[in-house]
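Whatever order the structure lists ligands and atoms in, that order sets their numbers, starting from 1.
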Amino acid sequence: MPTILNSKLNYYASNPNARRLLAGVGIVFVLYLIFGTETSRSLLDVGSSSTRIAPKIQHNYADGLDTPLNVSQWGERAIKVRQLTQWADLAVKNPAAERKAFQNALQTEFPFLAGTDSLIYTPWSASAKQFSSQVGMVICTGSNNFHLAAHLIASLRRVHKSKLPIEIAYSGDNDLKPEHRTFLQNLESGISFIDLLDRFPYAHDELLNGGWAMKPFALLASSYTKAMLVDADAIFLTSPDSIFDINPGLHRTGTLFFHDRAALGGGDERRFWVKDQIAAAQIEPSHYLSTESLFYSGKTWYEADSGVTAMDKSRPDVLMGLIFATWMNTKTVRDEVSYKVFYGDKETFWVAMELSAVDYFFQPWYAGTMGTITKEDGQPEQMDLKSTKVEICGTHMLHLDHLGQTPFWINGGIYEHKEDPSTGYSTMTHYWVGETSDIRLTQPQWYWVNGNTGCLRETGVRVIPDHIRKNIEKIESEATRVDGLIRNM
Ligand SMILES: *[C@@H]1O[C@H](CO)[C@@H](O)[C@H](O)[C@H]1NC(C)=O
């Protein structure tokens, strides 16, 4: 018992979240006394006592810490998630220990994991070694947008020479038809498929016609421990292959999130919802949330654009956060809470990390735009864009690379309007991404033209660098080639 406690305390001392966790030390410690130590013992004593103790732990979890939690009680549930994470850590560190009770508790809390034992990667399971520690990409796509996934894949392989293995996740033949899978399979090398209905045998209600909700399931199902979840309509402007090596925040935390546009959309209810859940989780808001987030200070209505998300699932705390985010996208929870409070899956990834007290990383710039500028009457041909306000309009949200220097990826595909190929390829000559510190003081004034063209009048508009411009031209010709192949299918 004392050694276990010591190792727990060392864990706290070496953990950057120690302070936040200690803030909630009251309840966590009480929970720990109630069954944390029992948990540890059941994992560490491989002898007969484990069979005696295990059912009790399972019982505690099944009871939902004595009171059943409803779908709105994310904070209270996060306390259980943190408890499960400590248990998971012990399971990873003690490979010989009995882990059935832990797995049962996990599946009681998250029933969509039932039957996934050897099918999806978890660092605590006996099958962990069967999965590759390589970096892999997973793309969710259905027959309605497989052509966008095809553009993405062709541009990755042929423009950026990307060697990342690519998995395509879908929910059954009605979602992504067999002929469309065959097409994608033959398009490039290194493509494989994940039918989420096979990987999550007890989650069909969650997955069928799940739309956005499939995304966290796809990230969980990725065979690669370091996985990047990418929307079918994302387009990379430079290679994403080395992201796990070169992005310092991803390297440090095992997570990478991108921001949405900073724009106001509603009242304070979203951030107050998050605030209440943090209080219920018995922690303090993270340093990030309280000092950097524009969302939490009421300066934007959206925090995250989940078009590209990366996680290192070999870290038990990160994977447990992902499992929590997946729960937020299960049918009842999303219908009754998540998609009412927020918009789709977008915010669930970071909210899950925040409530679980996992250190997570947001690229520090809010999304900008890529498109064309319109000069006003009287504005000279040569202008100092740094100090002169010009109008920039575009249909693509833009994200920068890890240095904040170079356009990295856009959403919305390569067409001007992703739903309508007849609009042709987007004309892109300029881009704008604001500094977060400036946005904190002055909101960018987005206005909308023809529905989905976002415009701004801003200083600091830049010309797209030549090498990116060349990549865009190559991506357009790949898309033209792919569209030809699709027409002849
Ligand atoms: C969930 O439980 C909390 C606390 O008892 C309560 O305030 C809330 O209204 C409940 N929500 C739902 C959807 O039942």
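- Around the OH atom of Tyr343, the shell of radius 6.0 Å holds no more than 12 heavy atoms that belong to other residues, nucleotides or ligands.
- No option in Lys299, Arg261, Glu303 other than Glu303 meets the side chain to side chain donor-acceptor pair (under 3.5 Å) test with Tyr366.
- The distance between the ring centers of Tyr302 and His259 does not fall below 6.0 angstrom.
- By the side chain to side chain donor-acceptor pair (under 3.5 Å) test, Glu206 is found to be paired with no residue, residues two or more places apart in sequence or in another chain being considered.
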Could you check ligand 1 for N or O atoms lying under 3.5 Å from protein N or O atoms and list the pairs with distances?
unit_1   : atom_1 : unit_2 : atom_2 : d
ligand 1 : 2 (O)  : Asn70  : ND2    : 2.3
ligand 1 : 11 (N) : Asn70  : ND2    : 2.9
ligand 1 : 14 (O) : Asn70  : ND2    : 3.1

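- Qualifying side chain to side chain donor-acceptor pair (under 3.5 Å) partners for Asp312, counting only residues two or more places apart in sequence or in other chains: Ser314.
- The side chain to side chain donor-acceptor pair (under 3.5 Å) check on Asp420 picks up Ser422, with sequence neighbours excluded.
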